[in-house]
Student: 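Here you go, one structure.
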Amino acid sequence: MKILQIIPSLASGGAERLVLDLCNELSRQGAEVHLCIVQDPTERDFGFYLPALSEKVHFHSLNQPKGFGWKNIGKLNRLIRQLKPDVIHAHLGALLYLYFLKLLNVKHTFFVTIHNFAEKSDPKFPLRTINYLYFGSKLVRVITISEKCDISYSRFYHLKNAIIIPNGREKLFPTDQYPSVSKEIDSYKQSESDLVFIHIARFYEQKNQPMLVEVFNRLIEEGHAIVLLIIGDWSFCAEARELASTVKPGIHVLGTRTNVVDYLLLSDAFCLTSIYEGLPISLIEAISCGCTPLCTPAGGIPDVIKDGETGFLSADFTAESYYSLIKEYIGHGKGLISRAKLIETYEDNFSIEITARRHLQLFADSIN
């Protein structure tokens with residue numbers, strides 16, 4: 001099977017990480033995989049994940065500056081005519097190109113993955129109407145990434161024709177930087193028994209980081225022996241820099257890291273305070289490393305976390321509720337969920353091998 005994956009970039013983000021892992025694994029499972037990004041990978045962080053792309057995956061770039069470009073329709077059409085893929089699978093803003101590419105390549109099979117709640121990731125009128133026409137007629141078939149996202153899609157478009165394939169993640173292993181990261185984290189601790197919490201996300205309204213900082217500032221002021229590591233880009237906007245300036249000692253805004261796995265393996269708990277979510281890749285990463293999730297009940301997160309079994313959920317989205325969750329964990333939660341249990345949950349449900357097999361089966365059924 002020949003598969004063409006299209007995504008705007010390989011910038012640091014959950015959808016981009018999924019697409020890269022999926023391309024690598026589809027190729028391992030025998031497919032001929034082509035990955036095309038729209039943006040120039042040498043600009044900004046558009047090629048952030050590119051070094052991790054397997055040599056088996058054929059890489060293409062349109063080298064477009066950020067944003068939609070009309071010339072890319074012709075470039076993508078020529079690529080499709082040249083490759084003659086069995087399946088074209090688009091992600092994020094690449095959906096805009098599918099409106100035209102499907103009309104130019106009627107016989108080809110097109111898919112799009114909606115990586116979040118439909119009302120958050122899909123456009124308003126008139127593009128919403130165009131989506132409805134393409135999705136409803138199955139000119140473009142829809143994949144959703146969790147049960148909650150599928151419900152959102154059905155409610156938003158009044159359609160019940162999407163296919164649920166939960167996100168997966170490649171198995172993570174410690175890097176050669178693990179020893180130095182261990183020393184780094186030890187330097188943040190006041191004592192060996194300090195609990196280490198970690199948050200992984202670029203600064204974004206969806207992730208609700210102001211509440212995260214508010215809660216941990218309060219806990220630190222109360223004298224709890226804790227450390228919070230924040231990994232992700234906070235340098236690109238004034239609001240993020242302002243928030244970073246308000247953190248108490250014990251909270252460390254580290255910026256982006258290519259070896260996130262080392263930090264997860266050395267942390268006790270993973271924190272996510274999102275207002276809405278699809279199915280976060282960072283959450284799957286945390287579970288795969290045996291790092292206990294402490295999350296708000298956003299989007300597809302409750303599809304992954306069974307409260308008290310594979311993590312802990314706050315009662316709602318308020319700071320008080322999340323504060324109670326973290327304080328409860330500090331007092332009683334550590335050790336209630338074993339790392340082995342979390343790793344088993346990942347292997348049984350969220351490995352990239354499982355996700356890739358489900359995609360291959362869906363693609364095979366669609367072209368037979």
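What you are looking at is a predicted structure, and each value in this text was computed from that prediction instead of being measured.
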Student: Less than 4.5 Å apart, any side-chain heavy atom of Tyr178 and any of Asn259?
Tutor: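 Result no, sub-4.5 Å side-chain heavy-atom pair not found.
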Student: So, do Tyr97 and Phe68 have ring centers that fall under 6.0 Å from each other?
Tutor: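 Between Phe68 and Tyr97, which both carry aromatic rings, the centre distance is below 6.0 Å.
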Student: Do Phe111 and Ser366 have side-chain heavy atoms sitting under 4.5 Å apart?
Tutor: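 The answer is yes, as the side chains (C-beta and beyond) meet within the 4.5 Å cut-off.
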Student: Quick one: closest heavy-atom pair of Gly93 and Pro8, and the distance?
Tutor: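 Reported closest heavy-atom pair: N-CG, 3.7 Å.
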Student: Any donor and acceptor pair, going by atom type alone, linking the side chain of Thr256 with main-chain N or O of Gly232 inside 3.5 Å?
Tutor: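 Such a contact is absent between Thr256 side chain and Gly232 backbone.
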Student: For Gln177 and Ser180, test the side chains for any donor-to-acceptor distance below 3.5 angstrom and give the result as yes or no.
Tutor: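 Gln177 vs Ser180: no donor-acceptor pair found between side chains.
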Student: Side chain of Ser61, backbone of Gln39: donor and acceptor closer than 3.5 Å?
Tutor: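 Yes; judged by distance alone, with no hydrogens or angles, the pair exists.
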Student: Which is it for Leu266 and Val181 under the side-chain contact (heavy atoms from CB on, under 4.5 Å) test, yes or no, and what are the steps along the way?
Tutor: CA-CA 8 Å; Leu266 290 161; Val181 171; 3.7 Å; yes
Student: Could you label the plane-to-plane angle of the His91 and His89 rings as parallel, tilted or perpendicular, counting under 30° as parallel and over 60° as perpendicular?
Tutor: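 Geometry flag for His89 against His91: tilted rings.
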Student: Are the side chain of Asp194 and the backbone of Gln190 linked by a donor-acceptor contact shorter than 3.5 Å?
Tutor: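 Yes, the answer is positive, given that a donor and an acceptor are paired below the 3.5 Å cut-off.
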Student: Partners of Ser351 by side chain to side chain contact (heavy atoms under 4.5 Å, CB included), sequence neighbours excluded?
Tutor: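 Ser351 satisfies side chain to side chain contact (heavy atoms under 4.5 Å, CB included) with Tyr346, Glu353, Ile354 once adjacent residues are dropped.
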Student: Calculate, to the nearest 0.5 Å, the distance between atoms NE2 and CD1 belonging to His252 and Ile185 respectively.
Tutor: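 That separation rounds to 10.0 Å.
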Student: Can you tell me if Glu184 and Tyr263 form a side-chain donor-acceptor pair at under 3.5 Å?
Tutor: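 There is such a pair (donor and acceptor under 3.5 Å, judged by atom type) between the side chains of Glu184 and Tyr263.
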Student: Measure across Gly311 and Ile337 and return the closest heavy-atom pair with its distance rounded to 0.1 Å.
Tutor: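 What the structure gives for the nearest pair is N-CD1, 3.2 Å.
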Student: Would a 4.5 Å heavy-atom cut-off, applied to side chains only, mark Thr113 and Val142 as touching?
Tutor: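 Not touching, per the 4.5 Å side-chain cut-off.
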Student: Out of curiosity, does Leu4 fall in the hydrophobic cluster containing Leu104 (side-chain heavy atoms, cut-off under 4.5 Å, transitive links)?
Tutor: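 Yes, it is one cluster - the side chains of Leu104 and Leu4 are joined through contacts under 4.5 Å.
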Student: Side-chain atoms of residues 158-165: list all donor-acceptor pairs with protein atoms under 3.5 Å, sequence neighbours left out, distances to 0.1 Å.
Tutor:
| unit_1 | atom_1 | unit_2 | atom_2 | d |
| --- | --- | --- | --- | --- |
| Asn161 | OD1 | Tyr153 | OH | 2.7 |
| Asn161 | ND2 | Phe135 | O | 2.8 |

Student: Identify, with sequence neighbours excluded, every residue that meets salt bridge (charged side-chain N to carboxylate O under 4.0 Å, His left out) alongside Glu222.
Tutor: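 Checked Glu222 against salt bridge (charged side-chain N to carboxylate O under 4.0 Å, His left out); matches are Arg218.
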Student: Within this structure, what is the CD1-CG distance for the pair Ile130 and Leu98, rounded to the nearest 0.5 Å?
Tutor: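 If we round to the nearest 0.5 Å, Ile130:CD1 and Leu98:CG are 12.5 Å apart.
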Student: Could you go through Leu62 and Asp40, starting from their C-alpha distance and side-chain angles, then the distance that decides it, and tell me whether this counts as side-chain contact (heavy atoms from CB on, under 4.5 Å)?
Tutor: CA-CA 7 Å; Leu62 304 185; Asp40 183 346; over 6 Å; no
Student: Measure across Leu229 and Ser267 and return the closest heavy-atom pair with its distance rounded to 0.1 Å.
Tutor: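 Smallest heavy-atom distance, with atoms named: CD1-OG, 4.1 Å.
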Student: Quick one: do Lys56 and Glu25 make a salt bridge, cutoff under 4.0 Å?
Tutor: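 A salt bridge is absent here (no side-chain N lies under 4.0 Å from a carboxylate O).
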Student: To the nearest 0.5 Å, what is the distance between CG on Leu243 and CD on Gln209?
Tutor: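 Those atoms lie 7.5 Å apart.
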Student: Answer yes or no: is there a donor N or O on one side and an acceptor on the other, between the side chain of Arg17 and the main chain of Ser12, under 3.5 Å?
Tutor: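 A pair under 3.5 Å: no.
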Student: State, without any angle test, whether Gln361 and His359 hold a side-chain donor-acceptor pair at a distance under 3.5 Å.
Tutor: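 Judged by distance alone, the side chains do not pair up.
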Student: Does the pair Lys341 and Glu344 meet the rule for a salt bridge (charged side-chain N to carboxylate O under 4.0 Å, His left out), with working shown?
Tutor: CA-CA 5 Å; Lys341 170 66 175 176; Glu344 180 184 354; 5.3 Å; no
Student: Taking the side chain as everything from C-beta on, heavy atoms only, tell me whether Ile284 gets closer than 4.5 Å to Val304.
Tutor: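 The answer is no; the side chains never approach within 4.5 Å.
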Student: Identify the residue among Ile301, Leu325, Leu294 that makes a side chain to side chain contact (heavy atoms under 4.5 Å, CB included) with Leu313.
Tutor: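 The option that passes is Ile301.
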Student: Within the distance-only criterion (no hydrogens, no angle test), does the side chain of Lys2 pair as donor or acceptor with the backbone N or O of Leu83 below 3.5 angstrom?
Tutor: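 Looks like yes, one N/O pair under 3.5 Å.
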Student: Do the side-chain N and O atoms of Thr273 and Asn208 include a donor-acceptor pair separated by under 3.5 angstrom?
Tutor: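 Result is no, nothing qualifies.
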Student: When clusters are formed by joining ILVMFWY residues with side-chain heavy atoms under 4.5 Å apart, either directly or through shared neighbours, do Val106 and Phe100 land in the same one?
Tutor: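 In one cluster with Val106: Phe100, no.
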Student: Kindly write out the residues that satisfy salt bridge (charged side-chain N to carboxylate O under 4.0 Å, His left out) with Lys102, not counting sequence neighbours, or none if the list is empty.
Tutor: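 Result, salt bridge (charged side-chain N to carboxylate O under 4.0 Å, His left out) vs Lys102: none returned.
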Student: From Asp86 CG over to Ile367 CD1, what is the distance, rounded to the nearest 0.5 angstrom?
Tutor: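 The CG atom of Asp86 sits 4.5 Å away from the CD1 atom of Ile367.
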Student: May I have all residue pairs that pass salt bridge (Lys or Arg N to Asp or Glu O under 4.0 Å) and include part of residues 280-307, sequence neighbours excluded?
Tutor: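 Those involving residues 280-307 are Lys148-Asp303, Arg169-Glu285.
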Student: I'd like to know if the side chain of Lys207 and the backbone of Tyr204 have a donor-acceptor N/O pair within less than 3.5 Å.
Tutor: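 Answer holds: no.
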Student: Can you tell if the side chain of Lys189 reaches within under 4.5 Å of the side chain of Val196, non-hydrogen atoms only?
Tutor: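 The answer is yes; the side chains approach within 4.5 Å.
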Student: To the nearest 0.5 angstrom, please state how far the CD1 atom of Ile37 sits from the CD atom of Gln64.
Tutor: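 Separation between the atoms: 11.5 Å.
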Student: Indicate, with yes or no, if the rings of Phe110 and Tyr134 have centres closer together than 6.0 Å.
Tutor: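 Centroid distance Phe110-Tyr134: not below 6.0 Å, so no.
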Student: Side-chain heavy atoms under 4.5 angstrom apart, residues restricted to Ile, Leu, Val, Met, Phe, Trp, Tyr: same cluster for Leu283 and Phe317?
Tutor: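 As far as the 4.5 Å side-chain criterion goes, Phe317 and Leu283 are not connected within one cluster.
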Student: Apply the test side-chain contact (heavy atoms from CB on, under 4.5 Å) to residues Asp268 and Tyr329: give CA-CA distance (whole Å), side-chain angles for both, the deciding distance (0.1 Å), then the verdict.
Tutor: CA-CA 10 Å; Asp268 297 296; Tyr329 177 81; 3.7 Å; yes
Student: In this structure, would Ile143 and Ile151 fall into the same cluster of hydrophobic residues linked by side-chain contacts under 4.5 Å?
Tutor: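 No, separate clusters.
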Student: Please check this pair: side chain of Gln206 against backbone of Tyr276, looking for a donor-acceptor N/O pair closer than 3.5 Å.
Tutor: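 The answer is yes, because a donor-acceptor pair under 3.5 Å joins these two groups.
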Student: Do you know the tightest heavy-atom contact between Tyr322 and Leu272?
Tutor: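 Closest pair (atom of Tyr322, atom of Leu272, distance): OH-N, 3.5 Å.
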Student: Should Phe173 and Val261 count as side-chain neighbours, where that means a heavy-atom distance under 4.5 Å?
Tutor: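 Result no, sub-4.5 Å side-chain heavy-atom pair not found.
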Student: Among residues at least two apart in sequence or on other chains, which ones pass side chain to side chain donor-acceptor pair (under 3.5 Å) with Ser288?
Tutor: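 Expected list: none.
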Student: Roughly how far apart are Glu147 CD and Leu279 CG, rounded to 0.5 Å?
Tutor: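 If I round to the nearest 0.5 Å, the distance is 10.5 Å.
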Student: For atom CD of Glu239, decide whether the heavy atoms of other residues, nucleotides or ligands shown that lie under 6.0 angstrom number more than 12.
Tutor: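 No - once you tally the heavy atoms of other residues, nucleotides and ligands closer than 6.0 Å, there are 12 at most.
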Student: Mind running side-chain contact (heavy atoms from CB on, under 4.5 Å) on Met1 and Glu32 for me, showing each step along the way?
Tutor: CA-CA 6 Å; Met1 186 184 300; Glu32 179 183 329; over 6 Å; no
Student: Are Phe46 and Leu96 connected in a single hydrophobic cluster, I mean Ile/Leu/Val/Met/Phe/Trp/Tyr linked by side-chain heavy atoms less than 4.5 Å apart?
Tutor: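 They do not share one cluster, since no chain of ILVMFWY contacts under 4.5 Å joins Leu96 to Phe46.
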Student: Donor-acceptor check, side chain of Asn105 to backbone of Leu101, threshold 3.5 angstrom: yes or no?
Tutor: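 Pair found, side chain donor or acceptor close to backbone of Leu101.
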Student: Assess whether atom CD of Gln29 is packed by more than 12 heavy atoms of other residues, nucleotides or ligands within 6.0 Å.
Tutor: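 It does: Gln29 CD has more than 12 such atoms within range.
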Student: Does Asn116 reach the main-chain N or O of Gly299 with its side chain, forming a donor-acceptor pair under 3.5 Å?
Tutor: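 Between the backbone of Gly299 and the side chain of Asn116 there is no qualifying donor-acceptor contact (under 3.5 Å).
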Student: Is there a donor-acceptor pair under 3.5 Å between the side chain of Asn167 and the backbone N or O of Ile145?
Tutor: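 It does not hold such a pair.
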Student: Are Val19 and Leu35 packed together at the side-chain level, in the sense that at least one heavy-atom pair is separated by less than 4.5 angstrom?
Tutor: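 In contact.
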Student: Kindly indicate whether the side chain of Arg128, heavy atoms from C-beta on, has any atom under 4.5 Å from the side chain of Tyr157.
Tutor: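 Arg128 vs Tyr157: side chains touch.
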